[in-house]
Structure formats: structure tokens, C-alpha cells
Amino acid sequence: MEFDQLWQSVLGEMEVQISRANFATWLKNSKLVDNRGGIFLIALPNNFAKEWVENKYHKNILGVVRNFDPSVKKLEFVVDGQMTNGSRRPAIKEITRLENRIGLEFRVDPDTNLNPKYSLASFVVGPSNELAFAAAEAIAHEVGTKYNPFFIYGGVGLGKTHLLQAIGNEIRVAHHEKIRPRYVSSEKFTSDIVWAIRNKRMEDIKKKYRDVDVLIIDDIQFIGGKEKTEEEFFHTFNALYENNKQIIISSDRPPQSIPTLEERLRSRFEGGLIVDVGYPEYEMRVAIIKKKLQETNQTLTDSVVDIVAKRVKKNVRELEGILNKLLFYQEKKGAPIPERVASEIVDSSVQSLARHVTDAQVLRVVAEFFNVQPEELVGRSRKKEVVEPRQVAMFLLRDILNTSYPSIGEKFGRDHTTAIHSYEKINREINKNSSLNQKLIMIKDLISKG
Ligand code: ADP
Ligand code: MG
């Protein structure tokens, strides 16, 4: 077999073995560069990924590789700096195809950041989201005047981004491109501000975000505590609001529960319409599954649909991930997936995803990520290799779980001022230090995916 072809098969196996998030974060951009004398040489785009894959997935990959080629003795990992901007390889094509089994790939419009795959028509409506949906429809047709700002909140994977994007797309169509929406994640908004400050280009950024008719900002909870970003957002908000421009915001929690959000921003948000999206109930989950199957022209038996809908309850993204796995299996075997196999796949996926995040989980992931012992994390050592992970762990306990400073302090055998100091230090750092920021994004991703 050719390298690419072989590696493509290995990745296909790995995708089924590890979580989607881990796969996308660590393995998607790997490639097989050499295979000599029983040694597989695997390239990864940066040192970070190399170390991680080497430490975490070495055995896993070796097992899979040996299924394809039993003569392989060992794996070696290298960094290939050119990979990130390198050409597309056949291996990636296959993976992309797998990932898009559900949810066809469309191009994101660079002016609006809208992806046409999200539409109001493809959004399944039920008791858990009908209010949000009705408001979205109303806003798309009466931009800026009806409900302003519009604030939508709810848990992960419950359709907030879908709805935000769909409003933007609907506006373009309904108003024949005369009303200009712009979608932005709050991470992107933040990094734009940081860039503008560093490069003295604030005017450009002001123009970019104030010269629109509809500003859609996703996951606003991430700007909480980032002073400069909040400041700029506040002014942007006012400038738009005073001109009857529509502002649409999402968050994983209601405004009053974003602990670090400035009071004046919070009260602005509370002046508009606030709605939530909740967990879909059984009938809705069935409807969502059927819609996804129909959109991609694929089928599962009714009993398999029932198995999935009964067990995957709290996250539509997770539901899609599991559907992908089932369809992947079906495609490989070329026959309808048996109930028993479907049950097993669903069970193994749900177990790892449905857990709620706990303190222990945060500490474990942070320790693993930085390759330190969990005891060191809460211990007294002042070694540099331990101090940063410890501060990150404290930061995340506060950031993700909203743990009080005194109880964070207690967990680490320190007082609450240390916890506050750590939180603030990391919070400041992530605005300045993109590699730390990147690490935190990855760690959060790993935590959220169990
Ligand atoms: P959130 O932003 O709330 O974390 P997303 O909007 O990204 O969640 O939704 C996750 C995935 O689930 C997306 O692919 C989205 O299209 C899909 N999804 C969520 N809710 C629905 C729904 N009601 N109908 C159809 N698809 C949905
Ligand atoms: Mg989202």
C-alpha cells in the first residue's frame, strides 16, 4: 500500500477508537512519511502535537498499524513544520469526507463569516427551543427593531451557533443582501482586539465591527474578564444599538451567571430579549436524527434510530458524532448495522461523553496535559514545570466550574488570595500569549469531551 493510503486506513481506525475532539485536535493533521526496516515515521505539524501523540497514542496507533502491517516494529515521531501550510493530501480528503458524512461541507463567506449550511429550515423545532426559534424568525424579518439585543443561552451542542448563523443567513436572503450581518466568535473578537492594540490598528477594528447592520457574537462568556475586549465590545454595542443595528449574542449561561462580566454590559444584555435552549426531548431527538439522515441521503433502521434517540439526550453535536460512527460502520460493512452492534457503539460513546465535568476531571486532564503528577499539582513544589500547570488548574476550576476562590485555595492547600492571583494571572496571560491560549483551548476541549 502507498503511505497515504495506508495512513488513511490507520486514521480511519483511530477515528473510531478515540473521541472526535481528540482525533481532530491531534491526529487529523498527521502523516506517514517513511516506512523502512519496520520503523514507521510519523510526522506531526508541531512539537506540541508530536509530544502529545507520542505520549498518549503511541500504543494505540502501533496496535492499529500492526493490524495492517504486522511487520512493523516501532513508531517514530517527527515534527514537520511545513505541514500546517502544506498542500492537501489524499489522506485528508478521506477524513474530511468521514467528518462530513453528517453536515455537508459548505464554504464560509469571508465577509460575513456565515456558513450556508446552517439554515432555519434545517433547524428542528420542539418544546426545548421553540421560543428561541420564533424569536430568531421574527428578528430575521424585523431587524434591529423587534428584539434588540437578542440573547440566547444554553448548554453545549444545543444549537446556539446553528441558530445564530441561521438568522444571519435568513437576513441576507430575506433582505436581498441589503442588510449586512457579521458573525464572529468571541474568541475571534478578542484576538482581533489584541492584535489591534499591539499593532495600533484600533481604527480598522472599530470599522470592521461597527460598520455592519447586524453583529452576531457567539459564546460571549469568553470575553468576561478580558478588560480591553469588554471595553471595546461595550462601545461597539452602544454604537450599533444607538443606530438601531441588531445585536445577537449567545452564551452558555444567562448574563447574570457570567461571573466576570462587567455590570454595565450585563444590564445592556438584560434590556433586550433573553431566551434559552434546553435539552431536546425524545420525539425531537428522533426528528433531528431523521433530518440529518434525510439531508445526507442515508438510512438507519427505525430500531437503531430509537436506540440512539433513547440514549443520547443532552447534546445534539454528540448525537451527530454517534450517527457518524454508525454510518461509518454501515458503509464499511455495506449492510444495515445490527441493533446489537449499534447498542455497543452508542454505549461506548455515551459513557465517555455524557459525564459531567468534575473537579477531579479538570485536575486529571491538566496534569496529563502538562505531564505532571496530580499530586504535584496540588503539592508545594515551586518548580517552574509545576507552577504554571497549577495556575492553569486553578484558573480552570474557576472558569469552567465557577468554584469559589476559598475552595480552590483549599484544594491546593493555599489561601484564597493565591487562587485569585492565579486566576487573574492566567486570565491576563491568555490575552498576551497565544500559545498559552491555544493550550487552554485544547485543555478545555479535552475536558468537555471527557
Ligand atoms: P452550540 O453552539 O449550542 O454548542 P451548535 O449550534 O454548534 O451548538 O449545534 C451542534 C450541532 O448540532 C450542529 O451541527 C447543529 O447543526 C446541530 N443541531 C443542534 N440543534 C439542532 C436542531 N434543533 N436541529 C438540527 N440540528 C441541530
Ligand atoms: Mg456554539
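Side-chain atoms are counted along with the backbone in the values below, which use heavy atoms only and exclude waters and symmetry mates. Atoms within each ligand, like the ligands themselves, are counted from 1 in listed order.
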Going by atom type alone, with no hydrogens or angles, which donor-acceptor pairs under 3.5 Å involve a side-chain atom of residues 130-149 and a protein atom two or more places apart or on another chain?
from   : atom 1 : to     : atom 2 : distance (Å)
His141 : ND1    : Glu137 : O      : 2.9
His141 : NE2    : Glu170 : OE2    : 3.4
Thr145 : OG1    : Glu142 : O      : 3.4
Asn148 : OD1    : Gln246 : NE2    : 3.3
Asn148 : OD1    : Ile247 : N      : 2.9
Asn148 : ND2    : Lys245 : O      : 2.8

> Between Asn129 and ligand 1, which part of the residue brings a heavy atom under 4.0 Å of the ligand: side chain, backbone, both or neither?
Replying inline: side chain
> At a 4.0 Å cut-off, with the gap strictly under it, does some heavy atom of Lys292 reach an atom of ligand 1?
Replying inline: yes
> Could you walk me through whether Val286 and Val305 pass the side-chain contact (heavy atoms from CB on, under 4.5 Å) check?
Replying inline: CA-CA 7 Å; Val286 171; Val305 171; 4.1 Å; yes
> At what distance is the nearest protein heavy atom to atom 21 (C) of ligand 1, and which residue and atom is it?
Replying inline: Phe123 CE1, 3.8 Å
> Where on Ser122 is there a heavy atom closer than 4.0 Å to ligand 1, on the side chain, on the backbone, on both, or on neither?
Replying inline: backbone
>> Using every non-hydrogen atom in the two residues, find where Gln330 and Ile337 come nearest and quote the distance to one decimal.
In response: OE1-N, 3.0 Å
>> Once you measure the plane-to-plane angle for Phe233 and Phe189, does it fall in the parallel (<30°), tilted (30-60°) or perpendicular (>60°) bin?
In response: perpendicular
>> Quick test of your reading of the model: are Lys332 and Glu13 salt-bridged, counting only N-O distances below 4.0 Å?
In response: yes
> Within less than 2.8 Å of the Mg ion (ligand 2), any N, O or S from Ser250?
Replying inline: no
> Which protein heavy atom lies closest to atom 12 (O) of ligand 1, and at what distance to 0.1 Å?
Replying inline: Val316 CG1, 3.2 Å
> Looking only at protein heavy atoms, which one is nearest to atom 16 (O) of ligand 1, and how far off is it?
Replying inline: His162 ND1, 2.6 Å
> Would one find more than 12 heavy atoms of other residues, nucleotides or ligands at under 6.0 Å from atom NZ of Lys208?
Replying inline: yes
> Tell me, which protein residue and heavy-atom name are nearest atom 24 (N) of ligand 1, and how many Å apart are they?
Replying inline: Val124 N, 2.8 Å
>> I'd like to know whether NZ of Lys333 has more than 12 heavy-atom contacts from other residues, nucleotides or ligands below 6.0 angstrom.
In response: no
> So between Arg317, Met284, Lys291, whose heavy atom ends up nearest atom 5 (P) of ligand 1?
Replying inline: Arg317
> Would you say ligand 1 has an N or O under 3.5 Å from any N or O of Tyr118?
Replying inline: no
> In the protein, which heavy atom is nearest to atom 20 (N) of ligand 1, and how far is it?
Replying inline: Gly159 CA, 3.5 Å
> When you measure from atom 17 (C) of ligand 1 to every protein heavy atom, which one gives the shortest distance, and what is it?
Replying inline: Glu320 OE2, 3.3 Å
>> What verdict does the side-chain hydrogen bond (donor to acceptor under 3.5 Å, both in side chains) test give for Thr161 and Asp218, after you've listed the backbone C-alpha separation in whole Å, the side-chain angles of each residue and the deciding distance to 0.1 Å?
In response: CA-CA 7 Å; Thr161 297; Asp218 206 352; 2.6 Å; yes
> So is Gly154 in contact with ligand 1, going by heavy-atom distances below 4.0 Å?
Replying inline: no
